[in-house]
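Each remark here refers to the structure printed beneath this line.
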Amino acid sequence: MEALSRFGSATIHEAQGRLGALSSRIKPIDRSMSLCGPAFTVESAPRDNIMLQLAIHYAQAGDIIVVSAGEYEEAGSFGDVLGNACVAKGIAGVVTDTGVRDTADLIKLGLPVFSLSVCIRGTVKETLGQVNGNIIVGGQEIRPGDVIRGDADGLVTVRKEDAAEVARKSAAREEAESGYIEAYKSGRTIIDVCNLEAVLKAKGLTTDL
């Protein structure tokens, strides 16, 4: 977790073969928010947050609560009261494919929250679901303990058994990109640095220069 937290979501996504990106519709409620930790998964019915409350009860410090609630935008299933409950337990963030509310207070609270929407409509507490099972959120299967990394660019999941290798590949990718940046600063061109001349010639690109 610590190793992966040093890299951005886009770097991790690319490093693991362009896998694991959650839907870009799920956004942080504030662009400065960042999270990285093991997924504590919960399946909820749309417009119902009883299972989310149960998840907050059982989650451990450092966990990221990840909620599958049917991609239902017109519900505010999480707000400042539950946010304070999360902070009191040391929960590291919340990711949900439904709506949240009280976002100004959540931002002040400092709890990273990524959601499909912001909506003031309330929810009920009626339907039981599952905690710590495999779920689908943002088009990705997420299992308990898989790594969730989120930042201003988006969210990516890494299978827990692949975390160490993906961290290694992410470090290698960042090192290579740093080399590209230094080459550009030194005056080298993009075509030169990225070895594009042969590729462009093969595709039939012509220029008057």
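Just so it is clear, the structure is predicted and the values come from calculations on it, not from any experiment. Note that the numbering runs from 1 along the sequence shown for the chain.
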- Apply the test side-chain contact (heavy atoms from CB on, under 4.5 Å) to residues Leu106 and Ile29: give CA-CA distance (whole Å), side-chain angles for both, the deciding distance (0.1 Å), then the verdict. CA-CA 9 Å; Leu106 288 172; Ile29 60 172; 3.7 Å; yes
- Item | Step-by-step side-chain contact (heavy atoms from CB on, under 4.5 Å) determination, Leu111 to Phe78 | CA-CA 12 Å; Leu111 177 71; Phe78 182 85; 3.7 Å; yes
- Task: Assess whether salt bridge (Lys or Arg N to Asp or Glu O under 4.0 Å) is satisfied between Arg143 and Glu161, documenting all intermediate values.
- Result: CA-CA 11 Å; Arg143 308 168 306 163; Glu161 62 268 27; 2.6 Å; yes
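In this structure the side chain of Val95 reaches within 4.5 angstrom of the side chain of Ile64, judged on heavy atoms. Under the 4.5 Å side-chain criterion, counting only non-hydrogen atoms from C-beta, Glu197 is not in contact with Lys201.
Both Val87 and Val94 are part of a single hydrophobic cluster, where members link through side-chain heavy atoms under 4.5 Å apart. Note on Val67 and Met33: same hydrophobic cluster, where clusters join Ile, Leu, Val, Met, Phe, Trp and Tyr whose side-chain heavy atoms are under 4.5 Å apart, directly or indirectly. With hydrophobic clusters built from ILVMFWY side chains whose heavy atoms lie under 4.5 angstrom apart, Val113 shares a cluster with Phe40.
A side-chain donor-acceptor contact under 3.5 Å links Asp151 and Ser9. With no hydrogens or angles considered, no side-chain donor-acceptor pair links Arg101 and Ser77 at under 3.5 Å.
Considering CG of Asn49 and CD of Gln53, their distance stands at 4.5 Å, rounded to 0.5 Å. Atom CD of Gln130 and atom CG of Asn132 lie 8.5 Å apart (nearest 0.5 Å). In this structure, the separation between CE on Met51 and OG on Ser68 is 11.5 Å, given to the nearest 0.5 Å. One distance of note links CE of Met1 with CD1 of Ile148; it measures 9.0 Å at 0.5 Å rounding. Rounded to the nearest 0.5 angstrom, Ile135 CD1 and Ile142 CD1 are separated by 5.5 Å. One finds the CD1 atom of Ile12 at 11.0 Å from the CG atom of Asp153 (value rounded to the nearest 0.5 Å).
More than 12 heavy atoms of other residues, nucleotides or ligands sit less than 6.0 Å from atom CD of Glu141.
Of the possible polar contacts, one joining the Lys89 side chain to the Ile56 backbone as a donor-acceptor pair under 3.5 Å is found. Checking side-chain atoms of Gln140 against main-chain N and O of Ala21 turns up a donor-acceptor pair under 3.5 Å. No donor-acceptor pair under 3.5 Å is formed between the side chain of Asp63 and the backbone N or O of Ile65. In terms of modelled atom types and a separation under 3.5 Å, the side chain of Ser115 and the main chain of Ser117 share a donor-acceptor contact. Between the side chain of Gln60 and the backbone N or O of Gly90 there is no donor-acceptor pair closer than 3.5 Å. Although no hydrogens or angles enter the test, the distance criterion places no donor-acceptor pair under 3.5 Å between the side chain of Asp146 and the main chain of Arg159. Put simply, the side chain of Ser23 never gets that close to the backbone of Ile26: no donor and acceptor are under 3.5 Å apart. Without hydrogens or angle criteria, Arg47 side chain to Val124 main chain gives no donor-acceptor distance under 3.5 Å.
In this structure, Pro112 and Ser34 approach most closely via the heavy-atom pair CG-O, 3.3 Å. Closest non-hydrogen pair, Leu116 versus Tyr72, comes out as CD2-N, 4.3 Å. Residues Val42 and Val131 approach most closely at CG2-CG2, 4.0 Å, considering heavy atoms. Between Leu52 and Ser44, the shortest heavy-atom contact is N-OG, 3.8 Å. Closest approach of Pro144 to Thr41, counting heavy atoms only: CG-OG1, 3.8 Å. The minimum heavy-atom distance linking Ala75 with Thr123 is given by the pair CB-CG2, 4.0 Å.
Contacts of Asp48 classified as salt bridge (Lys or Arg N to Asp or Glu O under 4.0 Å), with partners at least two apart in sequence or in another chain: none. A search for salt bridge (Lys or Arg N to Asp or Glu O under 4.0 Å) contacts involving Arg31 returns nothing, not counting sequence neighbours.
Checking each of Thr96, Leu22, Leu35 against Phe114 for a side chain to side chain contact (heavy atoms under 4.5 Å, CB included) leaves exactly one that passes, namely Leu35.
Ion pair Arg6/Glu174 not flagged as a salt bridge, since none of the NZ, NE, NH1 or NH2 atoms sits closer than 4.0 Å to an Asp/Glu carboxylate oxygen.
Val193 belongs to a hydrophobic cluster whose other members, connected by ILVMFWY side-chain contacts under 4.5 Å either directly or through intermediates, are Tyr180, Tyr184, Ile190, Ile191, Leu196, Leu200, Leu205.
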